[in-house]
Amino acid sequence: MVLIVVTGMPGAGSSTVIEEALKLKGEEESIVFKSMNYGDVMYETALENGLVANRDGLRTLPGEKQREIQMQACKKISKMSESMNPIVDTHCTVKTPLGYLPGLPEHVLRELKPDQFVLIEATAEEIAARRQKDKTRERDAEAERSIEEHQFMNRVMSMAYACLTGASVKIIENHDGALDKAAEEFFVLMNRLSESEPQEQNHKISRETFS
Ligand code: AMP
Ligand code: MG
């Protein structure tokens, strides 16, 4: 089993890059990867507990509640991961009223055991403009300096996660008009990781995604 954690701040396009990469088909395919979204699982968990009205309400819940739901979601993801190679779409840090909440604190890392971290990045200007355009979400309007700070914190945090797990951190840039390039880069990385895994019969990188 190979577990890839993909992170990117809201507007960086991590979910889009994963989706596009899973559509690519190459000759070297040898393993099935499926993407799962940590936010979806947290949202389902919070809904079951009657805590939020939408997924963007999660990051303003009391810190203790966020940590509780984070761990419950981690256990669910870990269970779902038993029979597949998951790409976990999540965040290095979540900006909350109390400051930066680690998306993958040590107890979560211990349960998930990631093999690889991927950081999807764009410029602060691109991220601010994408957030303004996205009417499907309640993205926070944030000054470019604050977006830069958040992205810096994500880099720092991802190296801390790398130290705790031994997994590497790959940065992929997802600039406007260059989604294909970012998806290709991620696709190549998936293939490399699958090459280092013992092959099971008839495995192919699939387009399947689920939340
Ligand atoms: P997304 O759709 O990826 O932006 O995720 C929706 C929300 O889920 C985020 O705004 C966070 O509140 C929450 N979330 C996602 N991943 C994590 C995580 N690893 N730890 C804590 N909260 C998370
Ligand atoms: Mg996303």
Exercise. Tell me, please, which residues at least two apart from Gln132 pass side-chain contact (heavy atoms from CB on, under 4.5 Å).
Key: none

Practice problem: Using the side-chain hydrogen bond (donor to acceptor under 3.5 Å, both in side chains) rule, pick out the option among Lys95, Arg131, Arg59 that qualifies with Asp140. | Solution: Arg59

Quiz item: Between Lys65 and Glu68, is there a side-chain N and carboxylate O pair less than 4.0 Å apart?
Solution: yes

Practice problem: With sequence neighbours left out, write down each residue that passes side-chain contact (heavy atoms from CB on, under 4.5 Å) with Glu121, or none if nothing qualifies. | Solution: Leu119, Gln151, Arg155, Ile171

Exercise. Considering only NZ, NE, NH1 and NH2 on the basic side and carboxylate oxygens on the acidic side, decide whether Glu106 and Arg110 come within less than 4.0 Å.
Key: yes

Got a list of side-chain donor-acceptor pairs under 3.5 Å for residues 76-84, not counting sequence neighbours?
residue : atom : partner : partner atom : Å
Lys76   : NZ   : Thr45   : OG1          : 3.1
Ser78   : OG   : Glu111  : OE2          : 3.2
Ser81   : OG   : Ile77   : O            : 2.6

Self-check item: Qualifying residues under side chain to side chain donor-acceptor pair (under 3.5 Å), relative to Ser14, sequence neighbours excluded
Solution: Asp89

Quiz item: Should the pair Glu20-Lys23 be classified as a salt bridge under the 4.0 Å nitrogen-to-oxygen rule?
Solution: yes

Practice problem: Answer yes if the ring centres of His150 and Tyr100 are under 6.0 angstrom apart, and no otherwise. | Solution: yes

Quiz item: Does Lys181 have any salt bridge (Lys or Arg N to Asp or Glu O under 4.0 Å) partners at least two apart in sequence or in another chain, and if so, which?
Solution: none

Quiz prompt | same_hphob_cluster(Leu58, Val94) at 4.5 Å side-chain heavy-atom cutoff | solution = no

Exercise. Not counting sequence neighbours, which residues clear ring-ring contact (aromatic ring centres under 6.0 Å, His included) with Tyr43? List them please.
Key: none

